[in-house]
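Below is one structure, written out as structure tokens; the observations come after it.
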Amino acid sequence: MTDIEKVIRFPFHDRQWVQKLIVGGVLNIVPFIHFFSVGYAYQVYRSSLKKEEACMPEWKNWDDLFIKGLIVSIICLCYSFLPAFCTVLGVHLVMKGWLASFLGGLLCIMGFGSGLFSLFFLPMAIANYICEGEQIGNAFRFGVIFDKIKEIQSDYLVSYLVGIGIVILAGLLLWVPTGRYLVFAIGMFYVYLFLAVLFGETCATVFEKVENSEETAIHVVMETEESVGNQV
């Protein structure tokens, strides 16, 4: 089980944590420029999946940050497209009359429910993309992703619920009376980092099992070949 308190505090161990969070927050405000912030969180996620000590990396390799942020954003868009479509259409219909309002309400409920369902798989999908060679198709191998979640289902579910909770708390920053959008952007960037470490440590377990089993299989094959060679 991931140490939630440790995940919450990890950015603050860096001496330049204030500057790094502000840079990520400012970049996170602007559409398309926010890919840099997503790519930065991707770096943290990748490190956590490798069971490296959680830390705030330096802001550098900007081209790689942008590309990785773009790819992760595309994956997120694919997973959230149907829920978003249902929700937007539902809100539109709610304003059209009583029957349309009823259908719109149903669509909004469907959008919310399908969003909770599809986004449940998203962290493991990104983890599978990272650990299986950064080929984008690996983020959509639904059978493999489902099987990996089943192996750590209790810890994964806890991480998912904690993730929902912290996103809701970050949403409250929109009520800040002064500079709310900047504060919210910085808060959401912190959420990116929190989720990266939370799910990185959670999902690392299942990929470690796969890696160990592959190493065992290779070792068995090598021993078999050596044994056959000695017999010959």
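Hydrogens, waters and symmetry mates play no part in the numbers below; they use all other heavy atoms, side chains included.
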Quiz item: Among Y40, Y42, F35, whose ring-ring contact (aromatic ring centres under 6.0 Å, His included) with F66 holds?
Solution: F35
Quiz item: Taking all atoms of both residues into account, what is the closest heavy-atom pair of S101 and V94, and its distance?
Solution: OG-O, 2.6 Å
Show me, pair by pair, the donor-acceptor contacts under 3.5 angstrom made by side chains of residues 72-79, not counting sequence neighbours?
unit_1: S73; atom_1: OG; unit_2: G69; atom_2: O; d: 2.8
unit_1: Y79; atom_1: OH; unit_2: A139; atom_2: O; d: 2.6

Quiz item: Taking only residues two or more places apart in sequence or in another chain, which ones pass salt bridge (charged side-chain N to carboxylate O under 4.0 Å, His left out) with K51?
Solution: E208
Quiz prompt | Minimum heavy-atom distance between Y129 and Q135, given as atom pair plus value | solution = CD1-O, 3.4 Å
Self-check item: Stepwise side chain to side chain contact (heavy atoms under 4.5 Å, CB included) test for V26 and I22
Solution: CA-CA 6 Å; V26 171; I22 291 175; 4.1 Å; yes
Practice problem: Take the angle between the ring planes of Y190 and F12 and call it parallel below 30°, perpendicular above 60°, tilted in between. | Solution: parallel
Quiz item: Would the number of heavy atoms belonging to other residues, nucleotides or ligands and lying under 6.0 Å from CZ of F32 be above 12?
Solution: no
Quiz item: Quick one: salt bridge (Lys or Arg N to Asp or Glu O under 4.0 Å) pairs with a partner in residues 166-195, sequence neighbours left out?
Solution: none
Quiz item: So, do Y192 and Y45 have ring centers that fall under 6.0 Å from each other?
Solution: no
Quiz item: More than 12 heavy atoms of other residues, nucleotides or ligands under 6.0 Å from CZ of F102: is that the case?
Solution: no
Practice problem: Check whether more than 12 heavy atoms from other residues, nucleotides or ligands sit under 6.0 Å from atom CZ of R46, and answer yes or no. | Solution: yes
Self-check item: Closest heavy-atom pair and its distance - W17, M56
Solution: O-CE, 4.4 Å
Practice problem: Taking the side chain as every heavy atom from C-beta outward, state whether F36 and V23 have any pair of such atoms under 4.5 Å apart. | Solution: no
Quiz item: Is it the case that more than 12 heavy atoms not belonging to H13 sit under 6.0 Å from its NE2 atom?
Solution: yes
